[in-house]
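Notes follow once the structure below has been shown.
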Amino acid sequence: SERVLAPLNEQGTLGAVLFQASPYFSFRGDVTYTMRSEPKVPLPEYIMGLGRLEEVCQMMHDHPGEIALELRNSSWLDDRSGLLPEAADVLRSHGASLVTVDGPSFPWIESATAMHNYIRFHGRNREEWFRDNPEDPSARYRYRYHEIELAKRVDSIKRMSSTARGDTRIFFNNHPHGYAPLDGLKMRDLLGLERPVGVMDRFF
């Protein structure tokens with residue numbers, strides 16, 4: 001990772017580094033899973049808990065780039081579908097941003113654990129997302145957002161941005177058929193940001 005990150009950092013082009021945890025990476029094993037993307041039964045060998053979360057954050061802290069960590073197991077959530085305070089404390093101690101997700105497999109969470117924000121829009125293609133043995137794995141991301149769906153996230157994004165001193169980064173992962181850049185432009189417009197000139201012309 002150092003060989004990849006160091007050149008980007010030296011050129012001033014490195015922003016945040018994303019660590020996407022496995023859905024098997026859980027806080028504890030004695031939970032009733034609430035999301036279909038999770039294992040159907042607890043698997044003790046994957047229960048790594050706060051200790052492992054601490055190790056991951058420390059490992060990323062030792063490398064250049066701001067830290068963004070995406071959790072995908074409901075055992076990290078409290079009763080209100082927010083991040084467990086214990087996990088938030090670990091992320092906060094390393095300046096790591098909890099990735100805010102718009103998608104079928106994890107709730108949207110505003111968690112101010114860092115001075116920057118990292119947001120991922122995966123799409124809302126729920127039927128394809130949870131299809132067993134899909135013929136086309138990319139079909140889960142084949143989703144084009146309606147403007148009203150994006151508009152409902154604007155206030156939350158502005159709120160998150162207003163409390164951060166650093167950048168708020170937004171990524172669209174609904175990439176088939178060029179949906180991601182198109183939806184990215186919609187979001188820029190909704191946020192009142194200027195469109196880049198020229199580089200997106202081929203998507204119209």
Exercise for the section: Check step by step if side-chain contact (heavy atoms from CB on, under 4.5 Å) holds for R72 and Q20. Expected result: CA-CA 8 Å; R72 297 191 290 167; Q20 186 184 57; 3.7 Å; yes
Practice task
May I have the step-by-step check of salt bridge (Lys or Arg N to Asp or Glu O under 4.0 Å) for K158 and D155, ending in yes or no?
Solution key: CA-CA 5 Å; K158 288 183 176 180; D155 286 346; 5.6 Å; no
Exercise for the section: Take Y145 and D102, measure what side-chain contact (heavy atoms from CB on, under 4.5 Å) needs, and give me the verdict at the end. Expected result: CA-CA 11 Å; Y145 280 91; D102 184 284; 2.7 Å; yes
Problem - Verdict with reasoning, T100 to N117, per side-chain contact (heavy atoms from CB on, under 4.5 Å) - result: CA-CA 8 Å; T100 299; N117 297 304; over 6 Å; no
Practice task
Please step through salt bridge (Lys or Arg N to Asp or Glu O under 4.0 Å) for the pair E70 and R120, ending with a clear verdict.
Solution key: CA-CA 9 Å; E70 183 175 352; R120 301 189 77 193; 2.7 Å; yes
Exercise for the section: Using the side-chain contact (heavy atoms from CB on, under 4.5 Å) rule, take R153 and I119 through it: C-alpha gap first, then chi angles, then the decisive distance, then the call. Expected result: CA-CA 11 Å; R153 295 300 193 195; I119 302 170; over 6 Å; no
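Residue L193 qualifies as enclosed at atom CG: its count of foreign heavy atoms under 6.0 Å is above 12. In Q58, the CD atom is crowded: over 12 heavy atoms of neighbouring residues, nucleotides or ligands sit closer than 6.0 Å.
Hydrophobic clustering of Ile, Leu, Val, Met, Phe, Trp and Tyr side chains at less than 4.5 Å, counting indirect connections, unites L91 with I109. Cluster membership check: L150 does not share its hydrophobic cluster with Y141, using side-chain heavy-atom separations under 4.5 Å among Ile, Leu, Val, Met, Phe, Trp and Tyr. Under the 4.5 Å side-chain heavy-atom criterion for grouping Ile, Leu, Val, Met, Phe, Trp and Tyr, F19 is connected to L8 within one hydrophobic cluster. One hydrophobic cluster, built from ILVMFWY side chains closer than 4.5 Å, cannot hold both W129 and F172; they sit in different ones. Residues F171 and F121 fall into different hydrophobic clusters, defined by Ile, Leu, Val, Met, Phe, Trp and Tyr side chains chained together at heavy-atom separations under 4.5 Å.
Remark: H175 NE2 to R142 CZ distance equals 10.0 Å, nearest 0.5 Å. Distance check, rounded to the nearest 0.5 Å: OG of S162 to CD1 of I157 gives 12.0 Å. The structure places CG of L98 at 12.5 Å from OH of Y118, a figure rounded to the nearest 0.5 Å. Rounded to the nearest 0.5 angstrom, S161 OG and I170 CD1 are separated by 8.0 Å. Of the inter-residue distances, the one linking R140 atom CZ with R126 atom CZ reads 12.0 Å to the nearest 0.5 angstrom. In this structure, CD on E128 lies 8.0 Å from CG on D136, to the nearest 0.5 angstrom.
Side-chain contact check for E66 versus L14: every heavy-atom pair is 4.5 Å or farther apart. Side-chain contact check for L71 versus L83: some heavy-atom pair is nearer than 4.5 Å. Counting heavy atoms from C-beta outward, F27 and L50 have side chains that approach closer than 4.5 Å.
Using a cut-off of 4.0 Å between Lys/Arg side-chain N and Asp/Glu carboxylate O, D183 and K186 are scored as salt-bridged. The existence of a salt bridge linking E110 and R159 is confirmed by a sub-4.0 Å separation between a basic side-chain nitrogen and an acidic carboxylate oxygen.
When the ring-ring contact (aromatic ring centres under 6.0 Å, His included) test is applied to Y179, the partners found at least two apart in sequence or on another chain are H177.
The shortest non-hydrogen separation linking L77 to L84 is O-CD2, 3.7 Å. Between Y143 and N125, the closest heavy-atom pair is CD1-N, 3.8 Å. The two atoms that bring I67 and C57 nearest to each other are CD1-O, 3.7 Å, heavy atoms only. G15 approaches R169 most closely through the heavy-atom pair CA-NH2, 3.4 Å. A pairwise comparison of heavy atoms in S93 and E54 identifies OG-OE1, 4.5 Å as the closest pair. The heavy-atom pair separating F25 from W76 by the smallest distance is O-NE1, 2.9 Å.
A side-chain donor from one of H122 and N173 sits under 3.5 Å from a side-chain acceptor of the other.
R92 places no side-chain N or O within 3.5 Å of a backbone atom of T113 that could act as its donor or acceptor partner.
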